[in-house]
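Notes follow once the structure below has been shown.
As the structure lists them, so they are numbered: ligands from 1, and atoms in each ligand from 1. The structure displayed is predicted, hence computed values, not measured ones.
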Amino acid sequence: MSESATHYRTCNLCEAMCGLEIQYQDKEVLSIRGDKQDPFSRGHICPKAVALKDIYEDPDRLKYPLRKTANGWEQLDWDTAFDWIVERLQVIEDRYGASAIGVYQGNPNVHNVGTMLTSPTFVRALKTKNRFSATSTDQLPHHLAALAMFGHAMLIPIPDVDRTQFMLIMGANPLVSNGSLMSAPDIAHRLQAIQKRGGKVIVIDPRRTQTAEHADVHHFIRPETDALLLLALVRTILVENLAQPDRLSGFTNGRDQLIELVEAFTPQKVAPICGIAEEKIVALARDFAGAEAAVCYGRIGLSTQSFGTLCQWLINVLNIITGNLDRPGGAMFTLPAVDQVEASRAKGRGGAFGRWKSRVRSLPEFGGELPAAAMAEEILTPGEGQIKALVTVAGNPVLSTPNGQQLDAALSQLDFMLSIDIYLNETTRHADIILPPTTGLETPHYDFLFHQLAIRNTAKYSPELFEKEPEQRHDWQIFQALTNRLNKQPHTEIPPEQMLGFALQNGPYSGEGVNLKKLLNAPHGIDLGPLKPCLPQRLFTQNNCIVLTPSIFVEDLQRLKNQFLEKINEVDATWPFQLIGRRQLRSNNSWMHNSERMVKGRDRCTLLIHPDDADRLNIANGQKVSIESRVGQIYLPAEISDCMMPGVVSIPHGWGHHHEGIRLSVAQAHAGASINDLTDHLRLDELSGNAAFCGVPVRVIA
Ligand SMILES: Nc1nc2c(c(=O)[nH]1)N[C@H]1C(S)=C(S)[C@@H](COP(=O)(O)OP(=O)(O)OC[C@H]3O[C@@H](n4cnc5c(=O)[nH]c(N)nc54)[C@H](O)[C@@H]3O)O[C@H]1N2
Ligand SMILES: Nc1nc2c(c(=O)[nH]1)N[C@H]1C(S)=C(S)[C@@H](COP(=O)(O)OP(=O)(O)OC[C@H]3O[C@@H](n4cnc5c(=O)[nH]c(N)nc54)[C@H](O)[C@@H]3O)O[C@H]1N2
Ligand code: SF4
Ligand SMILES: [Mo]
C-alpha cells in the first residue's frame, strides 16, 4: 500500500466545470470534495461529483469489447473487434452506399477530450449523410440563431452573470442543472450575488422551480408561448422608445424593419395566451430596458419547443435593442484558450444549414447533421437511402429522443449496429457489438466546448487520475483504430494531449504563455479574466454586421401567428394537459442511475400535477396514474404540488430502465418510466428540426 495522495481535476459530468479535490490511495478513491483553490468553481460541487467514484468502480461498467452471439454476449479482443466491425460496415457500404450507415452521437461526446478530438475524423471516414446527435434534442436553435445573426454557429452569447443587474431566466433551472450554455459553477451564489448588489432575478417557467423559489419574481407561463412574450417585450420597448441607440447600432442591420414585425404582438393580445397579465408584461419590459445592465437567458424550456428558434432569436433581439449585447453585465462572447470560432476564420465559414434534407420527411441538415427525431423513420422506411446500420457513440436515444419506443423497435431491425459506450443499456442492447472506452477518472480532461461557453475566460487541463487497465482502450484509441482501418491507412496514434498542445499554441493566449506545460503546472486551472467586448471584430457575417432580422426567422413568424393569433385556442378535450420535463440534481440525463447514491430515497420519477387538477381527477398523492399521448402511454405515481401551473404536468427524462437484456443492476431496481415514450417525433421546431419536448398534449387518468 502506498500513502494516500491528492489529485485535482475538473468534473466532466456537466457544463459547470467544477474543480475536484480527490483523495486516493493506490486505485481507490477515498474522498471527492470541491477544490477551493480552483479560481472558477471556488470549492463548489454538486452530489453528482461523488458518483465519479461509483462509475469508476461500477461492476456493470463494460471494459472489453462485447459481441452478441446466439448464446449471449461474448468477450472479444480489440483487434478482432475492430477488424470485424470495419468488415461489417464495408459490406453495408458496398451493398447500399455509405449513407446506409447512420451515426448518432450523444451528450458525453462533448464532455470527453479524446472523443471531441478524434470522433469527428471517424465520422467523416464513414462518409454518410445520415448523421444525428443530441444537438437536435437540445441547443440547435441557439446555433441557428448564432449562425444567422452573428455568422458563426458557435458565437453564442453567454450571460455575464457576475456583472449583470437584471437577469431574466426563461425555461432554465440552473439551480438544478448547474447551468447550460452558461458554464458557471456555483450558480446559486452567483445569482444570489446579483440580488445582494441590488439587482434582480426574474424567472419565467410553467413550474415554480428551485431557481424560481430563489428569484425576486416568478411568472408562470403557458408552455410554448414564450416567443409571444418576447415579441410583446420587444414591442413595448420599441413603442415606448426605451431602446437605447448605442455602439451596436453602428454595425446592426434590420433595426428599422423590427417595429413592423412586432406590431401585431401587443401585450394585451399575448397576455391571455401566455397566462401573464398585460401590466406585468409591460412592467417587465420597462424594468429590463431600464436596468443598468440586463440580460435575457433562455435554455431547454425555450429551445426544445415548437418555436425554439424564434425564442432564441428574440432573446438576442431583446439583448441587442437594449444595448446589452457585448457589454459587461449583458450577453457576451467568451474567448477561450482554444477558440473554435477563430479557428474557422481561415475557412471563412461559421456553419451551414439546409444544404440537404432528410429522405423521408425533408427535414433540414444543420452542420452536417439531420434532426434526431427523424432517425427512426429513416431506419423503418424502405427504399433507396434507408439506414441499414447504425453507430451510436455515447448516446442513449431510446430514452432521450422523442417517441423512444418507435426508435427501440427500429433498432431491432437494423442489419448491423455498433455502440461505443460504457454500459449495456436501453439503446446498446440492440448493438451487435459494444466497444467500451475508458471514462471519467481514467481519462485526461480539457473542456474544449465548455470553456467556449463559460461566463469567464478560463483554461484547465487535468491528467487522468488512474491508469487504465492494460486490456482497456481510450476513446481516442478506438476512434483512431477504426478510422485507420476505414481509410485503409497504416496504424498510427496521436494522443489528445499532443493535439491539445498544438491547439493551445495556435490559440489567442499563446502570446501570454498559455500552453500545455503551463496548464500542467496549474492543476487548479487558470483564470484569464472576465469576458470582454469583441464586436464587430469577431462577427462572421458578410460586411461584419449583426443581422437583426434574418429572413428565415421573419418568415417563421407567420407560423407563430397561425398557431396563436389567428385562431381561438381552446383546451383540447382529448388531450387536456400539457406535458413538460424537468431535471433532477442527482441524475444526469439517462445514464447515472446505476449509482446507488444517485437513486436512493423516495421515487423521483413522478408526475407533478397541480392540486386543483388532481382534485378534479380524483387523484391522491402517490397514486399511480396513466399518462397518454398520441404516441404512447406510461404509468407513474402522481406527486401533487402547487409548484405546477394548472393544466401543466411534469415528468423528468432519462428514466425507464425496465427493458429486457440491459445490464444496469441498480438502475433496473429504480426503473421509472420514460417521458420520451410520450413525446412525439412529429412535434418539432419546424424551422430548425429541433425536438419539441415542451407542451406535449396528454391526458391523465386516475
Ligand atoms: N423529454 C426530454 N428528452 C430529452 C431532454 C429533455 O429535456 N426532455 N433533454 C435532451 C438533452 S438536452 C440531451 S443533451 C439529450 C441527451 O441524450 P443522449 O446523449 O442520447 O443521452 P444520455 O442519457 O446523455 O446518454 C449518454 C450515453 O453515453 C454513455 N456514456 C457515458 N459516459 C461515456 C463515455 O465516457 N464514453 C462513452 N462512449 N459513452 C459514455 C452512457 O452509458 C449513455 O449510454 O437528451 C435529450 N432528451
Ligand atoms: N442534475 C442534472 N444536471 C444537468 C442535466 C441533468 O440531466 N441533470 N442535464 C444537462 C443537460 S444535457 C442540459 S442541456 C442542461 C439543461 O439545463 P436547463 O435548461 O437549466 O434544464 P432544465 O432543468 O430542464 O430546465 C428547463 C426548464 O424549462 C421549463 N419549461 C418547460 N417548458 C417550458 C416552456 O414552454 N416555457 C418556459 N419558459 N419554460 C419551460 C421547465 O419547467 C424547466 O424548469 O442541464 C445539464 N445539467
Ligand atoms: S455541478 Fe456539474 S461539474 Fe460541478 S460537480 Fe456537479 S456534475 Fe460536476
Ligand atoms: Mo443537453
Side-chain angles (χ1 to χ4, degrees), residues 10-20 34 41 44-52 55 61 104-109 111-112 115 133-135 137-139 169-182 185-187 203-207 209 211-212 221-226 229 298-305 311 372 392-402 419-423 425-428 435-440 443 475 478 578 580-592 648 650-654 674-676 678-679 691 693-696:
T10 308
C11 175
N12 64 299
L13 294 173
C14 88
E15 302 180 32
M17 301 196 285
C18 297
L20 307 179
S41 64
H44 175 264
I45 51 167
C46 83
K48 286 199 295 296
V50 187
L52 280 169
I55 296 166
R61 180 158 65 91
Y104 173 84
Q105 291 186 269
N107 170 277
N109 272 277
H111 292 275
N112 283 356
T115 308
S133 82
T135 290
T137 64
D138 184 344
Q139 82 287 0
I169 300 176
M170 302 178 68
N173 186 12
L175 254 53
V176 166
S177 68
N178 284 293
S180 180
L181 299 186
M182 173 180 76
D186 198 11
I187 186 70
V203 171
I204 310 281
D205 199 302
R207 180 165 74 95
T209 60
T211 308
I221 187 168
R222 249 314 107 226
E224 299 222 288
T225 64
D226 298 82
L229 172 63
R299 207 35 203 101
I300 281 291
L302 264 72
S303 57
T304 63
Q305 55 167 275
C311 287
T392 69
V393 184
N396 193 2
V398 166
L399 295 193
S400 64
T401 60
S419 288
I420 299 176
D421 204 287
I422 57 173
Y423 285 112
N425 64 18
E426 299 75 17
T427 295
T428 63
L435 299 180
T438 56
T439 190
T443 61
D475 47 5
I478 295 173
Q578 285 181 291
I580 61 169
R582 69 179 185 272
R583 279 175 166 71
Q584 301 176 310
L585 202 51
R586 284 185 292 126
S587 182
N588 194 15
N589 297 325
S590 75
W591 71 276
M592 283 181 65
V648 184
S650 157
I651 299 174
H653 77 283
S674 177
I675 184 177
N676 287 324
L678 299 174
T679 58
F693 293 123
C694 305
V696 178

Would the distance check show the side chain of [X] and the main-chain N or O of [Y] forming a donor-acceptor pair, the cut-off being under 3.5 Å?
| X | Y | value |
| --- | --- | --- |
| E15 | L181 | yes |
| H111 | N12 | yes |
| D475 | P437 | no |
| R582 | S650 | yes |
| S303 | D138 | yes |
| S587 | Q584 | no |
| N588 | L13 | yes |
| T679 | F693 | no |
| T428 | Y423 | yes |

Just need the protein heavy atom nearest to [atom], so name the residue and atom and give the distance.
| atom | answer |
| --- | --- |
| atom 20 (O) of ligand 2 | S177 OG, 2.7 Å |
| atom 34 (C) of ligand 2 | G301 O, 3.3 Å |
| atom 1 (N) of ligand 1 | N676 OD1, 2.9 Å |
| atom 38 (N) of ligand 2 | D226 OD2, 2.7 Å |
| atom 43 (C) of ligand 1 | D421 OD2, 3.5 Å |
| atom 32 (N) of ligand 1 | I422 CD1, 3.5 Å |
| atom 35 (O) of ligand 1 | T439 OG1, 2.7 Å |
| atom 4 (C) of ligand 1 | F693 CE1, 3.4 Å |
| atom 12 (S) of ligand 2 | N589 ND2, 3.2 Å |
| atom 6 (C) of ligand 1 | H653 ND1, 3.5 Å |
| atom 18 (P) of ligand 1 | S400 OG, 3.4 Å |
| atom 6 (Fe) of ligand 3 | C46 SG, 2.3 Å |
| atom 8 (Fe) of ligand 3 | C11 SG, 2.3 Å |
| atom 29 (C) of ligand 2 | D205 OD2, 3.1 Å |
| atom 23 (O) of ligand 1 | S590 OG, 2.5 Å |
| atom 26 (C) of ligand 2 | G171 O, 3.4 Å |
| atom 25 (O) of ligand 2 | N173 N, 3.4 Å |
| atom 40 (C) of ligand 2 | P206 CD, 3.3 Å |

*Given S587, A394, S180, which has its nearest heavy atom closest to atom 28 (O) of ligand 1?*
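Heavy atom nearest to atom 28 (O) of ligand 1 belongs to A394.
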
*Nearest option to atom 13 (C) of ligand 1, as decided by whichever heavy atom of T115, T137, N109 sits closest*: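 Comparing heavy atoms across T115, T137, N109, the nearest one to atom 13 (C) of ligand 1 lies in T137.
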
Taking distance alone, with N or O pairs closer than 3.5 Å, would you say [X] contacts ligand 2?
| X | answer |
| --- | --- |
| K48 | yes |
| I300 | yes |
| R583 | yes |
| P223 | no |
| D138 | no |
| R586 | no |
| E224 | yes |
| R582 | no |

If the cut-off is 4.0 Å to any non-hydrogen atom of [X], which atoms of ligand 1 fall inside it?
| X | answer |
| --- | --- |
| G106 | 19 (O) |
| Y423 | 42 (O) |
| N425 | 42 (O), 43 (C), 44 (O) |
| N112 | 34 (C), 35 (O), 36 (N) |
| P437 | 36 (N), 37 (C), 38 (N) |

Mind checking the [atom1]-[atom2] spacing from [X] to [Y]? Nearest 0.5 Å is all I need.
| X | Y | atom1 | atom2 | value |
| --- | --- | --- | --- | --- |
| L175 | T209 | CG | OG1 | 8.0 Å |
| K48 | I55 | NZ | CD1 | 10.5 Å |
| D226 | D205 | CG | CG | 8.5 Å |
| I221 | L302 | CD1 | CG | 7.5 Å |

Does a side chain donor of either [X] or [Y] reach within less than 3.5 Å of an acceptor in the other side chain?
| X | Y | answer |
| --- | --- | --- |
| T438 | T443 | no |
| N173 | T211 | yes |
| R299 | S180 | yes |

Go through ligand 3 atom by atom and flag the ones less than 4.0 Å from a non-hydrogen atom of [X].
| X | value |
| --- | --- |
| A49 | 5 (S) |
| K48 | 7 (S) |
| M17 | 3 (S) |
| N178 | 1 (S) |
| L13 | 7 (S) |

*Looking only at heavy atoms of V176, does any of them come nearer than 4.0 Å to an atom of ligand 2?*
yes

*Among N676, N425, T427, whose side-chain contact (heavy atoms from CB on, under 4.5 Å) with V398 holds?*
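Of the listed residues N676, N425, T427, the side-chain contact (heavy atoms from CB on, under 4.5 Å) partner of V398 is T427.
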
_Suppose we only count N/O/S atoms under 2.8 Å; would C14 qualify as near atom 2 (Fe) of ligand 3?_
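True for C14.
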
*Mind checking whether T225 contacts ligand 2 via backbone (N, CA, C, O), side chain (CB onward), both or neither, at a 4.0 Å heavy-atom cut-off?*
neither

*asked:* Side chain, backbone, both or neither: which applies to N107 and ligand 2 if a contact is any heavy-atom pair less than 4.0 Å apart?
replied: side chain

*For I420, is at least one N or O under 3.5 Å away from an N or O on ligand 1?*
yes

*Assess C18: does it contribute an N, O or S atom lying under 2.8 Å from atom 4 (Fe) of ligand 3?*
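Yes, since at least one N, O or S atom of C18 sits under 2.8 Å from atom 4 (Fe) of ligand 3.
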
*Is it the side chain, the backbone, both or neither of N396 that has a heavy atom closer than 4.0 Å to ligand 1?*
both

